[in-house]
Amino acid sequence: MRASQYLIPTAKEAPAEATVASHVLMMRAGMIRRVAAGIYTILPLGLRVMRKIERILREELEKAGCLEVNMPMVIPAELWRQSKRWDLYGPELLRLKDRKGAEFCLGPTHEEVITQLAASEIKSYRQLPLNLFQIQTKFRDETRPRFGMMRGREFVMKDAYSFDLDAETAQVSYWKMHEAYTQIFSRCGLEFAPVEADTGTIGGSLSHEFQVIADTGEDALATCVSCGYAANIEKAQILAVAPAAVKQTGEPKRLDTPDVCSIAELTSFLEVEGKCVIKALLFELGDQVIMALMRGDRELNEAKLRALLDCDQLIPASPETLMRSIGDVAGFIGPLGLQDIRIIADHEVMAMNDAICGANARDQHLGAVQPLRDFQAETADLRFAEEGDICGRCEGQPLSFRRGIDVGHIFYLGNKYSKAMGATVLDKNGKPTPLEMGCYGIGVGRTAAACIEQNHDEQGICWPVPVAPFEVHLLALGKQQEILDACEPLYHELTAAGLEVLYDDRPERPGFKFKDAELIGLPWRVGLGKRGIDSGSAELVERRSGERFDVPLAELAEFLTKRIVPARLGN
RNA sequence: CGGGGCGUAGCGCAGUCUGGUUAGCGCGCCUGCUUUGGGAGCAGGGGGCCGCAGGUUCGAAUCCUGCCGCCCCGACCA
């Protein structure tokens, strides 16, 4: 490709709105342009990167036996009602009406559509296992799109769905995808880690995220050097502290705390530390009222509580529910003397002595409270893993922490959707059985962004060969005809050798071209100017290492082919 | 959705507090000459409903009200 005939609008400065490296560099290198919040036009150079990633996806998924399909982006509400997600998914689901007033949504994910297809097309266990995928634009009306392609509202996702007869074979399918994902991200040249993850609103029980390791990542990851356990901190198991030795004597003391409602107010009013206070949070789950207890200095990990309660969302108790179940005591609730409320305490709460908690009476708290003596509760792990926590898997080493970008997520779904939507097959005995499903996503644009986060320097991007928009940046160093005449055959030769070459034939000064080349970040730069013509050699620079080579023109193609072709396979 | 910030040329910004000629600077863009291995120099030029709508005023980029858009921090996700 000739740069003079291509569109790569590079810029010295990025728009002020871009704050992270990948966003800044994608803007500066002329890969993307913003159209609206979280919605982007992808320019030719950016699109080439997307296509490279998509090609790797297709190759690896087809290797894993998946079949490509294409589902609609506009989905009838009826399908989403069947799965109940029309009501559960919330405002992130962009809803629209057609001219007849019929309701639709833009697909944020495609369990409903694929399950409907499975229900009608998969009739016999003999057709299983089956894994269908698509690479398609999704829309999620996120409250806060961020960081360019990292978190858009409209984004390209590879989503795959597996169908099996029973849980056992479904898990085989799951682990096969785990392996395919490992291959995919390795091939993209990324440093990443599969970590155990919360299953969120998609439901199900077994799940991994594929996290690209980067300080700018939005997720915190906990790993154990001793046993290799790795999990999102939402999910990470931590060693439970033992309950405190129970003081059998004594009793709680009533404390007057007028208008002291929050933990912050309470700790400053009583001049105690947060870890001496029990925080009580009230939720409603159907007809049931749930009280979660945390140490005052800890944050409730909602994902862990949701998983424990096996529900899609936690609904804070309404004032009416609070009034009905305990009384007019907002800001003063505690676990003592309650009836018909399910109390779930974090392990740390049960290890407290002389704790302070709400008295279930206006303007009052209780002191000297002793868990187990003064109240009973289920215990569970309800907090986030933190620095210093011991691995809950091997119970040996402290967990260590890193940050990551969630580029892929796989779920074992079970039969949640197949049951809801009547997707059954006949088993060997001719008996209808709900399909066992898994779903598997990869954000294509996010993978590209993550790749830049992990591969850039002060000057610009340093593309790994497998996802680079081109492999070689040939620069004509000078605008004299003599130089162009020398570069032209090189361009043809390298292209003919099967290399992807971007030829900068623009009438620009050498310094200008060097800067652009470093910004765009193709793996190999080949510079030819007067000097090179005189010596019969070109200057090669490997972008990532900065290493320079003077290579005779006759050997160029061979030199580059030897280095680039093997690198196409990735890590 | 809570908190904070921003909206002036394609991009980066000044001017707004304290209203007053023709709204300014750098980069980029166009023309010419010079230059030609690390984002060149000189000269000339084009480009603005100062986010939108109302209001106050003799006069508004500047003051007031409402709206819209965008970004950042938090709660949610590929």
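Proteins come first, then strands; the chains are lettered A, B, ... in the order of their sequence lines, and each starts at number 1. Quantities reported herein were computed from a predicted structural model and do not represent experimental measurements.
- Shown here are the side-chain contact (heavy atoms from CB on, under 4.5 Å) partners of Gln481(A), two or more places apart in sequence or in another chain: Leu484(A), Asp485(A).
- Checked against side-chain hydrogen bond (donor to acceptor under 3.5 Å, both in side chains), Asp346(A) has no partners two or more places apart in sequence or in another chain.
- Checking side-chain atoms of Lys513(A) against main-chain N and O of Arg506(A) turns up a donor-acceptor pair under 3.5 Å.
- As judged by a 4.0 angstrom heavy-atom cut-off over every strand, Gly152(A) is placed among the base-contacting residues.
- As the counterpart of rU65(B), rA53(B) is assigned, both hydrogen-bonding distances of the Watson-Crick or G-U wobble pattern falling under 3.5 Å.
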- prompt: How does each nucleotide of nucleotides 4-15 of chain B score, in 5' to 3' order, for protein heavy atoms under 4.0 Å: base (B), sugar-phosphate only (S), or none (-)?
  reply: -------SSS--

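- Of the nucleotides present, rG45(B) is the one that pairs with rC29(B) by Watson-Crick or G-U wobble criteria, both distances under 3.5 Å.
- Judged purely by distance below 3.5 Å, without hydrogens or angles, the side chains of Gln480(A) and Glu482(A) never pair a donor atom with an acceptor atom.
- Sequence neighbours left out, the pairs with a member in residues 26-37 of chain A that pass side chain to side chain donor-acceptor pair (under 3.5 Å) are Glu17(A)-Arg34(A).
- Each ring-ring contact (aromatic ring centres under 6.0 Å, His included) pair with one or both residues in residues 532-553 of chain A, not counting sequence neighbours, appears once here: Trp524(A)-Phe549(A), Phe549(A)-Phe559(A).
- For the side-chain hydrogen bond (donor to acceptor under 3.5 Å, both in side chains) test, residues two or more places apart in sequence or in another chain that qualify with Asp159(A) are Gln134(A), Lys138(A), Tyr161(A).
- Using Watson-Crick or G-U wobble geometry with both donor-acceptor distances under 3.5 Å, rA40(B) finds its partner in rU34(B).
- The side chain of Arg146(A) contributes no N or O atom lying less than 4.0 Å from OP1 or OP2 of rC77(B).
- Not counting sequence neighbours, the partners of Ile233(A) by the side-chain contact (heavy atoms from CB on, under 4.5 Å) test are Ala220(A), Ala222(A), Phe384(A), Ala385(A), Phe401(A).
- Residues satisfying the salt bridge (charged side-chain N to carboxylate O under 4.0 Å, His left out) test with Arg151(A), not counting sequence neighbours, are Glu142(A), Glu218(A).
- Among the protein residues, Arg28(A) comes within range of the nucleic acid bases, having at least one heavy atom under 4.0 Å from a base atom.
- Across all strands shown, rC1(B) forms a Watson-Crick or G-U wobble pair with rG74(B), both key distances being under 3.5 Å.
- Across all strands, Arg151(A) comes closer than 4.0 Å to base atoms (heavy-atom distances).
- Here Lys63(A) pairs with Glu60(A) under the side-chain hydrogen bond (donor to acceptor under 3.5 Å, both in side chains) rule; sequence neighbours left out.
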field: nucleotides 28-34 of chain B: protein proximity per nucleotide (B base, S sugar-phosphate only, - neither; heavy atom, under 4.0 Å)
entry: -------

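- Residues from residues 515-534 of chain A lying near RNA chain B, meaning a heavy-atom separation below 4.0 Å, are Lys515(A), Asp516(A), Glu518(A), Arg525(A), Gly529(A), Arg531(A), Gly532(A) in numerical order.
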What pairs of nitrogen or oxygen atoms, one from the protein and one from nucleotides 1-3 of chain B, lie under 3.5 Å apart?
none

